[in-house]
Amino acid sequence: MKKLILIACAMTMFVVSANAQKKVSVLGDSYSTFEGINPPGYAPFYPNDRNDVKEVEQTWWSLYNEAMGYTLEVNDSWGGTTICNTGYGRRDSSNSSFNSRLWKLGNPDIIFVFGGTNDAWANSPVGEYKYTGITKEDCNSLRPALAYTLDALSRIYPKATVYTILNSELKEDVNESFREVCKHYGVQLIELHDIEKQNGHPSIAGMKAICAQLVEAIK
């Protein structure tokens with residue numbers, strides 16, 4: 001009996017140790033920002049006078065890492081950015097789009113891609129589904145840009161597990177684009193629901209809900 005107890009304890013310690021060693025990187029927009037955490041020159045949303053999230057520990061990714069015993073590797077999140085290269089007012093956003101930041105995520109075990117919100121809000125073109133021979137011009141539209149993003153992440157970080165997170169209350173063509181492209185690459189898509197927001201961004205309650213839905217979805 002004592003031997004079995006020792007084995008069980010050793011296995012528990014091994015699992016906890018493995019979890020603690022996992023490093024998480026985030027490729028995101030304003031929903032994942034926090035001043036002082038993201039690279040210099042990026043536009044953070046948090047903290048914000050019109051939102052009750054005031055501490056970095058209240059962000060969804062910090063809550064998730066704490067719940068799972070993981071550590072943050074890199075948070076490359078930039079407020080107002082689109083996945084594709086077409087931003088607000090149809091301006092060229094290729095200097096800040098998700099596609100331009102794929103190589104900055106360090107050496108993670110897990111990558112969260114949390115975007116699409118600004119593509120929806122900016123009415124960026126969704127384009128056609130395309131999975132091979134994707135050009136820079138193709139990446140002006142969401143579908144080929146998302147395909148390029150997921151394909152590139154798999155090649156740049158072959159040992160990392162990639163998850164995509166989709167905001168609630170977005171346009172259906174954006175939702176369907178994520179479903180189809182993620183299905184093509186076998187990447188788990190986590191579609192958020194019932195996220196409380198203040199000034200269009202998750203509140204403390206919203207951040208907790210995101211964390212809870214990630215924990216539930218990733219098993």
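This one's a predicted model, so the numbers in the text were calculated from it and none came from an experiment.
Residues that satisfy the ring pair (Phe, Tyr, Trp, His ring centres under 6.0 Å) test with Tyr157, not counting sequence neighbours, are absent from this structure. Among residues two or more places apart in sequence or in another chain, the side-chain hydrogen bond (donor to acceptor under 3.5 Å, both in side chains) test is passed with Ser62 by none. For the ring pair (Phe, Tyr, Trp, His ring centres under 6.0 Å) test, residues two or more places apart in sequence or in another chain that qualify with Tyr31 are Phe114, His201. Every residue two or more places apart in sequence or in another chain that forms a ring pair (Phe, Tyr, Trp, His ring centres under 6.0 Å) with Tyr42 is listed here: Trp78.
Using a 4.5 Å heavy-atom cutoff, the side chains of Pro144 and Ile134 are in contact. Considering only heavy atoms from C-beta on, Leu192 stays 4.5 Å or farther from Trp60 through its side chain. Between Asn167 and Lys197, some side-chain heavy-atom pair lies under the 4.5 Å cut-off. Between Ser154 and Val162, the closest side-chain pair of non-hydrogen atoms is not below 4.5 Å. Counting only heavy atoms from C-beta outward, the side chains of Ile218 and Tyr64 approach each other to under 4.5 Å. By the 4.5 Å heavy-atom criterion applied to side chains, Thr164 and Tyr185 are not counted as neighbours. Proximity of Asp29 to Trp121: side-chain heavy atoms (C-beta onward) are nowhere separated by under 4.5 Å. Under the 4.5 Å side-chain criterion, counting only non-hydrogen atoms from C-beta, Leu105 is not in contact with Ile156.
Note that the CG atom of Asp119 and the SG atom of Cys84 stand 4.5 Å from one another [nearest 0.5 Å]. One distance of note links CD of Glu180 with CG of Leu146; it measures 11.0 Å at 0.5 Å rounding. Rounding to the nearest 0.5 angstrom, the gap separating the CG atom in Asn85 from the OG atom in Ser97 is 4.0 Å. Taking CG from Asn99 and OG from Ser94, the interatomic distance works out to 9.5 Å, rounded to the nearest 0.5 Å. Atom CG of Leu153 and atom OG1 of Thr161 lie 12.0 Å apart (nearest 0.5 Å). One finds the OG1 atom of Thr117 at 10.0 Å from the CD atom of Glu169 (value rounded to the nearest 0.5 Å).
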What's the verdict on side-chain contact (heavy atoms from CB on, under 4.5 Å) for Lys171 and Asn123, showing C-alpha distance, side-chain angles and the deciding distance? CA-CA 9 Å; Lys171 300 189 301 180; Asn123 291 314; 3.0 Å; yes
Run the side-chain contact (heavy atoms from CB on, under 4.5 Å) check on Trp61 and Ile37 step by step: do they pass? CA-CA 12 Å; Trp61 48 268; Ile37 298 296; 3.8 Å; yes
Take Ser77 and Asn75, measure what side chain to side chain donor-acceptor pair (under 3.5 Å) needs, and give me the verdict at the end. CA-CA 6 Å; Ser77 298; Asn75 186 332; 2.6 Å; yes
Can you list the steps and then say if Leu214 with Tyr163 is a side-chain contact (heavy atoms from CB on, under 4.5 Å)? CA-CA 10 Å; Leu214 292 181; Tyr163 299 97; over 6 Å; no
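Side-chain atoms of Thr82 and Asn118 include no donor-acceptor pair closer than 3.5 Å.
Remark: Arg101 engages Asp76 in a salt bridge, criterion side-chain N to carboxylate O under 4.0 Å. Ion pairing between a basic and an acidic side chain is recognised when a charged N comes within 4.0 Å of a carboxylate O; Glu176 and Arg179 show such pairing.
In this structure a side-chain-to-backbone donor-acceptor pair under 3.5 Å is missing from Arg143 to Ser177. Under a 3.5 Å cut-off, the side chain of Ser124 and the backbone N or O of Thr86 do form a donor-acceptor pair.
Residue pairs meeting the side chain to side chain donor-acceptor pair (under 3.5 Å) criterion with at least one partner in residues 202-215, sequence neighbours excluded, are Glu196-Ser203. Residue pairs meeting the side chain to side chain donor-acceptor pair (under 3.5 Å) criterion with at least one partner in residues 131-141, sequence neighbours excluded, are Lys130-Asp138, Thr135-Asp138.
The two residues Glu73 and Asn107 make their nearest non-hydrogen contact at OE2-N, 2.8 Å. Considering all non-hydrogen atoms of both residues, Ser32 and Asn38 come closest at O-ND2, 4.1 Å. Lys54 approaches Asn51 most closely through the heavy-atom pair NZ-O, 2.8 Å. Between Gln58 and Asp52, the shortest heavy-atom distance links the atoms OE1-O, 3.9 Å. Annotation for Ile210 and Pro202: closest pair CD1-CG, 3.9 Å, computed over non-hydrogen atoms. Between Ser25 and Pro108, the closest heavy-atom pair is OG-CB, 3.4 Å.
Within a 6.0 Å radius of CD in Glu35, other residues, nucleotides and ligands contribute 12 heavy atoms or fewer.
A cation-pi arrangement, defined by a distance under 6.0 Å to the six-membered ring centre and an angle within 45 degrees of its axis, is absent between Arg90 and Tyr88.
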